[in-house]
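Following: one structure in structure tokens, then a few remarks.
These figures come from a predicted structure and were not determined experimentally.
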Amino acid sequence: VHCKPHESGHEVTVLLAGGGGSPRDTYTVTLSSGEQKSGTLAEIGAATVKFQNIPDGAGTVIVTWGCGAMDEEKYTCQ
């Protein structure tokens with residue numbers, strides 16, 4: 001997870017890879033501020049999810065996988 005300046009606010013990018021994800025696994029990525037996006041991993045078992053217009057400050061990303069497993073990571077936009 002990383003945050004970078006964007007046109008209005010910041011852009012938070014979540015890379016879903018390297019955790020043994022299987023192609024076509026489903027996921028939902030939720031920011032602590034409430035924004036949410038869902039999708040399916042690509043054939044290589046990875047996906048990139050971007051959120052824009054995120055304000056300054058700290059937050060948490062929670063990934064919920066189709067099987068019910070969850071991963072969590074913190075980020076800071078400044």
Side-chain angles (χ1 to χ4, degrees):
V1 175
H2 68 273
C3 182
K4 68 178 183 179
H6 193 260
E7 294 169 1
S8 58
H10 294 87
E11 180 177 82
V12 171
T13 302
V14 181
L15 178 60
L16 305 175
S22 298
R24 300 197 177 113
D25 274 354
T26 60
Y27 62 83
T28 299
V29 179
T30 306
L31 299 185
S32 52
S33 55
E35 290 92 335
Q36 189 175 75
K37 293 187 179 183
S38 298
T40 303
L41 294 180
E43 289 297 320
I44 60 170
T48 301
V49 182
K50 295 184 179 189
F51 295 89
Q52 297 177 341
N53 303 321
I54 305 301
D56 283 349
T60 303
V61 172
I62 298 172
V63 180
T64 305
W65 298 98
C67 65
M70 297 175 75
D71 291 304
E72 182 176 312
E73 188 170 333
K74 298 195 180 301
Y75 66 89
T76 301
C77 293
Q78 46 186 347

Q: Enter the distance from Ile44:CD1 to Ser22:OG here, rounded to the nearest 0.5 Å.
A: 13.0 Å
Q) Nearest heavy-atom pair of Val1 and Glu73: which atoms, and what distance? A) N-OE2, 3.7 Å
Q) Atom OG1 of Thr13 and atom NZ of Lys50: how far apart are they, to the nearest 0.5 Å? A) 5.0 Å
Q. So do the side chains of Tyr75 and Val14 get within less than 4.5 Å of each other, counting heavy atoms only?
A. no
**Q.** Minimal non-hydrogen separation, Phe51 against Gln36, with atom names
**A.** CE2-N, 3.9 Å
Q. Any idea which heavy atoms bring Ala46 and Ala17 closest together, and the distance?
A. CB-CB, 3.7 Å
Q | Inter-residue atom distance Gln52.CD - Ser8.OG, 0.5 Å rounding | A | 7.5 Å
Q | Rounded distance [0.5 Å steps], OG1 in Thr30 versus CD in Glu35 | A | 10.0 Å
(Q) Let me confirm one number: the OG1-CD distance from Thr60 to Glu72, rounded to the nearest 0.5 Å. (A) 5.5 Å
Q) Measuring from Asn53:CG to His10:NE2, what's the distance to the nearest 0.5 Å? A) 11.0 Å
Q) Taking all non-hydrogen atoms of both residues, which atom of Cys77 and which atom of Pro55 are closest, and how far apart? A) CB-O, 3.7 Å
Q. Where do Ser38 and Thr28 come nearest, in terms of heavy atoms and distance?
A. OG-OG1, 2.9 Å
Q | Heavy-atom pair with the smallest gap, counting every atom of Val63 and Tyr27 | A | CG1-CB, 4.3 Å
Q) Taking the side chain as C-beta and beyond, is there a heavy-atom pair between Leu16 and Leu41 under 4.5 Å? A) yes
